[in-house]
Amino acid sequence: MCVGLSARVVKLNQNGMALVDAGGARREVSAQLLEELEPGDYVMVHAGAAIAKITEDDEEEADALLEEYL
């Protein structure tokens, strides 16, 4: 099963990477698949890459579903 995690963009780097925060855990992911990404945006992260821009409501729903699953 493949699982994507929702995260908030903290910082964008010049090298196409973004620092994201997923529930307090911060890490760098590739942001090259998404255009017009800004700090504060929410993204879905899979396999080290931000694969989709999502809304804050989507992020809250994804977190609730993951919490329920675990």
**OP:** Identify the heavy atoms of Arg26 and Asp21 that sit nearest to each other, and give their distance.
**Re:** NE-OD2, 3.4 Å

Subject >> Distance-minimising heavy-atom pair for His46 and Ile51 >> reply: CB-CD1, 3.8 Å

Subject >> Rounded distance (nearest 0.5 Å) linking atom NZ of Lys53 with atom CG of Leu34 >> reply: 8.5 Å

**OP:** Could you grab the distance from atom OG of Ser30 to atom CG of Asn15, nearest 0.5 Å is fine?
**Re:** 9.0 Å

**OP:** Decide whether Met17 and Leu37 are clustered together by the hydrophobic rule: side chain heavy atoms of Ile, Leu, Val, Met, Phe, Trp, Tyr closer than 4.5 Å, transitively.
**Re:** no

Subject >> Heavy-atom pair with the smallest gap, counting every atom of Ala50 and Leu33 >> reply: O-CB, 3.8 Å

Original post:
Which residue, Arg8, Lys11, Arg27, forms the side chain to side chain contact (heavy atoms under 4.5 Å, CB included) with Leu19?
Top reply: Lys11

**OP:** Following the transitive rule for hydrophobic clusters with a side-chain heavy-atom cut-off under 4.5 Å over Ile, Leu, Val, Met, Phe, Trp and Tyr, establish whether Leu5 and Val29 coincide in one cluster.
**Re:** no

Original post:
Has Glu61 got more than 12 heavy atoms of other residues, nucleotides or ligands less than 6.0 Å from its CD?
Top reply: no

Subject >> Heavy-atom closest contact (Leu12 atom, Glu38 atom, distance) >> reply: CD1-CA, 3.9 Å

**OP:** List the atom of Ile54, the atom of Met44, and the distance in Å for their closest heavy-atom pair.
**Re:** CD1-CE, 4.2 Å

Subject >> Shortest non-hydrogen separation from Ala22 to Ala7 and the atoms involved >> reply: CB-CB, 3.9 Å

**OP:** Return the set of residues passing salt bridge (charged side-chain N to carboxylate O under 4.0 Å, His left out) with Asp58 (not counting sequence neighbours), or none when no residue passes.
**Re:** none

